[in-house]
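Hydrogens, waters and symmetry mates are skipped; everything else that's a heavy atom, side chains included, is used. Within every chain, numbering begins at 1; the chains are lettered A, B, ... in the order of the sequence lines, protein sequences first and strands thereafter.
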Protein chains: 2
Amino acid sequence: MDSINIKKLAKELNISTSTVSRAFNDNTDINKDTKERILAYAKQHNYLPNHYASNLRDKKTKTLAVIVPEIANDFFSQAINGIEEVARKKGFYILLYRTDDVFEKEVSFVNYLNNGKADGIIMSVSGEANDHNYLRQLEKKHIPVVFFDRVYEDIDAAKVTTNDYDSSFSATEHLIKTGCKKIAYLVVNKSISIGKVRMQGYQDALAKHKTPFDDSLVIDCSNDEKVNYKILKKVLQDVKPDGIFSSVERLAFATYYVCNDLGISIPDDLKVISFSSLRVAPLLAPALSTITQPAYEMGVKAATLLFEALENNGNGVAKKEHVLKSKLYIRKSSIGE
Amino acid sequence: MDSINIKKLAKELNISTSTVSRAFNDNTDINKDTKERILAYAKQHNYLPNHYASNLRDKKTKTLAVIVPEIANDFFSQAINGIEEVARKKGFYILLYRTDDVFEKEVSFVNYLNNGKADGIIMSVSGEANDHNYLRQLEKKHIPVVFFDRVYEDIDAAKVTTNDYDSSFSATEHLIKTGCKKIAYLVVNKSISIGKVRMQGYQDALAKHKTPFDDSLVIDCSNDEKVNYKILKKVLQDVKPDGIFSSVERLAFATYYVCNDLGISIPDDLKVISFSSLRVAPLLAPALSTITQPAYEMGVKAATLLFEALENNGNGVAKKEHVLKSKLYIRKSSIGE
DNA sequence: TTGTATGCGTTATCAG
DNA sequence: CTGATAACGCATACAA
């Protein structure tokens with residue numbers, strides 16, 4: 001057909017394929033003029049080395065897999081931005097996966113990656129500390145993994161997290177200081193490590209201030225907006241908390257909607273603070289107090305660590321937790337009278 | 001090393017590589033028991049056919065490239081979600097690119113894709129109708145392209161858009177009806193087709209209502225938040241419009257920030273309406289009136305069209321504009337006294 | 001139903 | 001500095 005490849009190019013230029021190859025691989029062993037001639041002709045005829053063939057030869061995919069629970073989410077989209085930034089500079093491609101928080105999808109994706117589709121993986125996990133054999137397989141194939149935000153504690157890999165415990169503690173303490181006596185903790189999946197850590201900060205802050213911990217104030221929500229609305233409506237009507245600490249952005253939004261409908265005033269009747277990366281948090285009615293994670297920086301850090309692992313062939317890379325700091329923004333939604 | 005491949009697997013099972021290959025390719029010409037035996041053994045030893053080698057053989061990458069100006073943006077992240085949904089069902093991978101609205105990056109990405117890295121491309125463009133030779137090269141290589149939202153009119157390809165002209169017309173008319181006499185149009189790049197279409201709707205609505213068009217009310221903004229803040233501050237102080245029609249979400253946010261700082265009341269002093277996919281628009285202070293594009297559905301549609309092109313080998317596919325409908329949500333930010 | 005042989009497009013090795 | 005050749009891992013045509 002009209003498809004071009006290294007052989008045709010070589011033939012048309014009356015040189016060997018090796019020389020053409022050299023022209024494209026910054027090889028020093030090539031005459032400058034020859035190289036220019038080749039590149040010029042290639043450009044003209046729109047030739048580029050086939051990436052799959054190259055990969056087959058030297059096992060470098062120049063591709064990085066990114067696995068996240070959701071994409072349309074301020075935190076993750078900003079993190080992906082950070083990853084993309086670093087990857088682009090290294091000339092790497094990004095393969096994107098979304099798990100929808102379904103553990104089985106995560107497993108199936110990771111298993112696929114065993115076929116050499118990517119050189120490394122950056123992921124924010126969707127399951128609990130459990131059977132992670134599927135991840136151990138990657139180690140055997142020397143495919144490095146870096147976790148960010150949501151990690152598996154039992155896997156030995158580089159991890160990029162934020163100081164969730166401290167932030168949760170501070171946020172809860174802040175609510176207590178503004179006068180809250182009955183603070184509810186909103187979480188999506190209690191058993192996932194990130195939910196646990198955040199809850200621990202909440203509990204310890206309560207304990208420090210001699211506020212008894214009440215299990216009925218821990219509200220386990222779902223991934224379905226409508227269900228959450230119902231759950232929260234019931235809680236606000238029956239349990240009547242005077243403070244909300246939300247471990248997940250969208251539960252804070254749901255709280256706002258319920259309050260609007262029930263005529264509950266934030267912050268007069270109820271103070272709200274939430275983990276959130278929403279850039280327009282200051283523009284909400286009322287402005288939402290947030291614990292904001294450095295999403296973009298976390299992406300950059302995770303990608304940087306992955307490239308370190310790749311460049312050192314997995315040796316000597318800090319397989320530890322790299323903790324970045326979140327920022328607490330106190331806004332109107334949690335300010336006392 | 002410890003790496004496994006089709007040969008080793010075949011040898012260990014005392015069968016030929018072709019049989020192993022058949023087991024993985026839903027080939028009918030294989031004994032059911034043999035197939036099961038192979039798959040079981042493969043699973044146990046964590047073998048999967050190398051994707052790059054397979055591709056080199058049969059020129060199917062099962063990969064789809066997605067090129068967007070930004071990722072951390074409600075519209076695009078939701079659209080990507082839609083694309084991902086369809087791609088996943090087809091067993092396709094997604095290669096993600098971000099251009100940052102820089103035309104050169106778009107060109108360089110597209111050129112890369114000429115090397116057979118992806119079977120097809122879905123993109124929202126970053127340039128103007130100009131020299132699109134780089135895209136024409138793709139046609140030669142039979143790599144189908146589908147545009148969404150931001151398209152090049154002069155390229156013959158499937159396009160997924162929304163009824164921007166109508167929406168802009170309605171939005172502007174709505175502002176006029178609520179009493180606005182001096183409506184500013186905010187745009188990021190006037191010369192890009194999508195900005196033009198939206199502006200045309202704005203202009204025509206003005207004309208219909210005998211409001212003279214004033215060029216100083218067309219505010220050309222940038223991609224830098226700080227610069228936009230300054231531009232808008234100046235406009236609100238000097239030109240003093242009583243209505244804002246923003247063709248881009250983040251310019252509406254910037255307007256909100258400026259108004260907060262200048263003590264301008266929305267909607268009393270200034271009414272605002274904007275193109276936006278922000279899911280918490282109703283929660284803003286005041287709730288933002290929006291023209292909301294069906295972002296997710298656009299992603300689904302674009303991906304569906306691309307797969308049609310792929311499956312029909314590019315023939316008989318509707319290389320036309322598929323127009324979906326946006327929805328106008330009138331909220332407090334643009335309601336009259 | 002299975003096995004053998006070939007080639008996909010590239011690059012590294014080695015020889016010149 | 002350049003050319004010939006083998007090999008990467010797989011899937012198909014063809015033979016059995």
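Base contact: B:Leu56 has a heavy atom under 4.0 Å from a base atom. Contacts of A:Leu9 with the nucleic acid, taken as non-hydrogen atoms under 4.0 Å apart, are absent.
Listed pair A:Ser54 / C:dT10 fails the phosphate criterion, with no side-chain N or O lying under 4.0 Å from OP1 or OP2. Residue B:Tyr47 has a polar side-chain atom (N or O) positioned under 4.0 Å from OP1 or OP2 of D:dC10. Between B:Lys59 and C:dG9 there is a side-chain N or O to OP1 or OP2 distance below 4.0 Å. An OP1 or OP2 oxygen of D:dA4 is reached within less than 4.0 angstrom by no side-chain nitrogen or oxygen of A:Thr17. Applying the 4.0 Å criterion to OP1 and OP2 of C:dG9, one finds that A:Asn5 has a side-chain N or O inside that range. Contact check, A:Asn25 against C:dT11: a side-chain N or O comes under 4.0 Å of OP1 or OP2.
Contact of A:Ser18 with D:dA4 (side chain to base): a donor-acceptor pair of N or O atoms is detected under 3.5 Å. A donor-acceptor contact under 3.5 Å is formed by the side chain of B:Arg22 with the base of C:dG3.
Of the candidate nucleotides D:dC8, D:dT5, C:dT10, C:dT10 has the atom nearest to the side chain of A:Ala53.
At a cut-off of 3.5 Å, with distance as the only test, no side-chain donor of B:Thr304 or B:Lys90 sits close to an acceptor on the other residue.
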